[in-house]
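Below, chains carry the letters A, B, ... as their sequence lines are ordered, and counting in each starts from 1.
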Amino acid sequence: MYRTHTCGELRLADAGRTVTLAGWVQRIRKMGGMSFIDVRDRYGITQAVTDDPEMNAEVAKLGREFVIQVIGTVRERESKNPKMDTGDIEIRIEKLNVINPSVTPPFTIEDVSDGGDDLRMKYRYLDLRRNPLKNNLILRHRMAQEVRRYLDAHDFLEIETPFLIRSTPEGARDFVVPSRMNPGEFYALPQSPQQQKQLLMVAGFDRYFQIVKCFRDEDLRADRQPEFTQIDCEMSFVERDDVLDMFEGLMKHMFEVILNEKFEEPFLRMSWNDAMKFYGSDKPDMRFGMLLRDVTDLLKGKGFGVFDSSEYVGGICVPGCAGYSRKQLDELTDWVKRPQVGAKGLIYIKVEEDGNIKSSIDKYFSPEILREVAGRFEADKGDLILMMSGIRAKTLVSLGTLRIEMGNRLNLRDPHKYCPLWVVDFPLLEWDDETQRFYATHHPFTAPSQKDMEKFFSNDKEQEAEVSSDSYDFVLNGTEVGGGSIRIHDARIQEQMFKVLGFSREDADYRFGFLINAFKYGAPPHGGIAFGFDRFCALFGGQDTIRDFIAFPKNNMGRDTMDDAPAKIDDVQMKELYLKSTYEK
RNA sequence: GGUGCGGUAGUUCAGUUUGGUUAGAAUGCGUGCCUGUCACGCACGAGGUCACGGGUCCGAGCCCCGUCCGCACCGCCA
């Protein structure tokens, strides 16, 4: 038997027992006549001690991360360590076995490691020995279990769908798998099991879910991996609010069980239009105010050329920042002018502590007008109003980005405060100038809003652009955690959808024929949602990056630095797959 | 595809502004001392292709050009 106990469980009550522990050497402290070993496993750290000269010599041979076995007696410590769960006791070593030695690890295996991201990624199996990462994966496990418990209790069936499917070119790039038995043909890995789960609804499975890997061949970010995990769900015989209510329940369950946070009130529901108008984002961070205000009517047409030529003038009111120096404002102006934000410039109005108003545009506007603008922002003394102007849609987004930045600078984005939100009524369609056609904002099976059906069937581009959809996103602290929609189950609406998107019947059949065909056999009304499980875990763990909630993530370039995938395959494999050669970049 | 920041002991970084003798610190590692440590302490020691290639210069870790790699972001992500 390798061990009788784990390194996290022995307490004062166990004193006197003879035990066997097994684990990794966290640290050795040699004090001349006596030695201490901190033995670590998944469950904790227990101190082993000896003052025997022979045993001291044995201990001296150990190194960090050796796997050892300690047989000895539990005893009360002479000097206790209240910081450790096992800090009241220690093991007096009677026998010490080296199960497996270790080379010196390239970084310290401690809560705050000295290793950089790159190095820790390369030695991920060592990094995972550290508490922060270990605890993240434990959190992830608990969350997955709770999701299953809740959905199972609500009659959802977990059904697996295939990973090798047909490529559907709308949307993200597919990862592609060549078929050996079908020369020149390829599978795609699912970007999500969208069609399959809708087919499960046709099959009558009513309530389906799956915690499932999805694959998208797009550039990575701190919160985007090429393979990621979704909580994928679909329900039949539901309208939008049925879906929202069900999954609001799931979210509340998760908050309560995992974070001990109770939400008595229903989650806020906000239209996409309002989200853009007041937050400059389709995923507003509701942890702080600083709402966008439209002041076009007050400032346009008053003789200031920049505003007169703008579709929109608006801004945010930053509390307590009227004291910003010229240098700070210049720096902020440079910041918003970066291509990532894309603003032309930044105009400020300071409402100073004495009530005076100072502005970069006070040459052009009377104090009365500026005071009226400040009133629109409900600015208090000491506040700083930051404004931009330009094309409405673009300026709103730039202001939204600025709002988040100011929220960061003022520490208004506490990672342990949670403000959930449903954003609803997204536009059904997005016009793409380059290809001169509409794309589905969500996907081509999303149902148009009932109220916009007339516009949807108008065959008029301007009216079509205004159609909203029966879709929804679950937003938590400025992050899109989930999204879904009510699907089209009416063949007539689906046909119109393909028409609006510019697909011929042949196109549609080629891409989605199996789904269209299935819908002829009695498709129930249905809708669903999918949550980004990695992001969900990261948010519950109070962090921005999903990488530390995935056991073996990829780096910025989609590379696994541990096994160095992707890699070339040999000519035999290439030939079997009927692949000729790679294109050199 | 683009923008920004970075690459110097095993590791994390300083040194680059103003080019100049032998490139530093901390930590880790090794050796010795130390009987109550738990961020142990003290002493000594080893440890460097300054990412790579080219250029400027009497002289380059430092300046210039290119490449590679990492991170964050924009585009992209139905």
Side-chain angles (χ1 to χ4, degrees), chain A residues 26-40 45-53 56 60 63-65 75-84 86-87 90 92 103-123 126 168-174 191-192 194-195 214-226 228 334-335 337-342 397-398 401 404-405 426-430 432 434 438-446 469 471 480 483-485 497 501 511-512 530 532 544-545 547 555-557 559 561 585:
Chain A
Q26 175 73 27
R27 172 170 291 155
I28 296 164
R29 290 178 295 276
K30 283 180 272 184
M31 308 292 301
M34 66 192 307
S35 311
F36 300 95
I37 312 171
D38 287 342
V39 190
R40 181 195 70 235
I45 289 178
T46 299
Q47 174 171 285
V49 64
T50 183
D51 57 1
D52 177 76
N56 274 324
R64 280 163 55 206
E65 304 305 318
R75 73 180 182 198
E76 186 171 2
R77 285 203 201 183
E78 224 169 88
S79 49
K80 299 190 166 96
N81 185 348
K83 282 184 255 173
M84 292 172 72
T86 61
E90 63 193 356
R92 201 182 71 85
V103 295
T104 304
F107 52 86
T108 57
I109 314 284
E110 301 189 358
D111 287 7
V112 180
S113 173
D114 65 0
D117 294 339
D118 195 12
L119 191 72
R120 288 192 288 116
M121 204 62 87
K122 189 171 173 188
Y123 297 92
L126 297 180
T168 50
E170 285 277 293
R173 287 186 195 92
D174 284 322
Q191 301 174 21
S192 90
Q194 183 60 39
Q195 280 90 6
C214 301
F215 307 85
R216 289 179 193 176
D217 187 9
E218 297 292 347
D219 285 10
L220 280 62
R221 288 286 191 284
D223 63 350
R224 260 164 36 191
Q225 284 275 308
F228 61 99
D334 287 343
W335 188 85
K337 281 174 154 175
R338 297 182 317 142
Q340 280 88 336
V341 185
V397 171
S398 295
T401 310
I404 294 296
E405 174 66 13
F426 281 74
L428 182 71
L429 304 162
E430 263 168 37
D432 180 64
E434 208 171 302
F438 281 116
Y439 282 83
T441 305
H442 197 54
H443 57 64
F445 310 108
T446 299
S469 66
S471 63
E480 179 199 328
S485 64
M497 186 70 182
L501 293 176
R511 293 172 195 221
F512 309 112
D544 293 325
T545 165
R547 262 172 230 179
N555 78 1
N556 248 4
M557 292 299 292
R559 198 159 267 290
T561 52
K585 203 179 177 182

Trainee: Suppose we call two aromatic rings close when their centres sit under 6.0 Å apart. Are A:F215 and A:F228 close by that rule?
Mentor: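 Centroid separation for A:F215 and A:F228: 6.0 Å or greater.
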Trainee: Rounding to the closest angstrom, what is the interatomic distance between B:rU8 and B:rG75 at atom P?
Mentor: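 It comes out at 31 Å once rounded to the nearest Å.
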Trainee: Under 4.0 Å, counting only non-hydrogen atoms across every strand here, what does A:R27 touch: a base, just sugar-phosphate, or nothing?
Mentor: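 Counting heavy atoms under 4.0 Å across all strands, the contact made by A:R27 is with sugar-phosphate only.
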Trainee: Decide if atom CG of A:D114 counts as having more than 12 heavy atoms of other residues, nucleotides or ligands within a radius under 6.0 Å.
Mentor: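 Enclosed.
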Trainee: May I have the step-by-step check of side-chain hydrogen bond (donor to acceptor under 3.5 Å, both in side chains) for A:S35 and A:N56, ending in yes or no?
Mentor: CA-CA 6 Å; A:S35 311; A:N56 274 324; 2.3 Å; yes
Trainee: P atom, B:rA26 versus B:rA72: distance in rounded Å?
Mentor: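 The same atom, P, in both gives a distance of 31 Å.
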Trainee: If you go through the side-chain atoms of A:R173, does one of them form a donor-acceptor pair with the base of B:rG75 closer than 3.5 Å?
Mentor: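 Such a pair does not exist between side chain and base.
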Trainee: Rounding to an integer number of angstrom, what distance separates B:rG19 and B:rA60 when you compare their P atoms?
Mentor: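 Pairwise P distance, B:rG19 against B:rA60, rounds to 14 Å.
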Trainee: Is a donor-acceptor pair below 3.5 Å formed from side chain A:R224 to base B:rC77, judging by atom type as modelled?
Mentor: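 Looking at the base of B:rC77, it does pair with a donor or acceptor on the side chain of A:R224 (distance under 3.5 Å).
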Trainee: Suppose we define a pair by two distances each less than 3.5 Å, Watson-Crick or G-U wobble; what does B:rU49 pair with here?
Mentor: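 Its partner: none found.
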Trainee: Is any side-chain N of the basic residue among A:E218 and A:R224 closer than 4.0 Å to the acidic one's carboxylate O?
Mentor: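 Salt bridge flag = no for A:R224 with A:E218.
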Trainee: From B:rG10, B:rU37, B:rC76, pick the nucleotide closest to the side chain of A:D114?
Mentor: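 When the side chain of A:D114 is considered, B:rG10 is the closest of B:rG10, B:rU37, B:rC76.
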Trainee: Could you measure between the two C1' atoms, the one in B:rU12 and the one in B:rC29, and give it in whole Å?
Mentor: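 Their C1' atoms lie roughly 15 Å apart.
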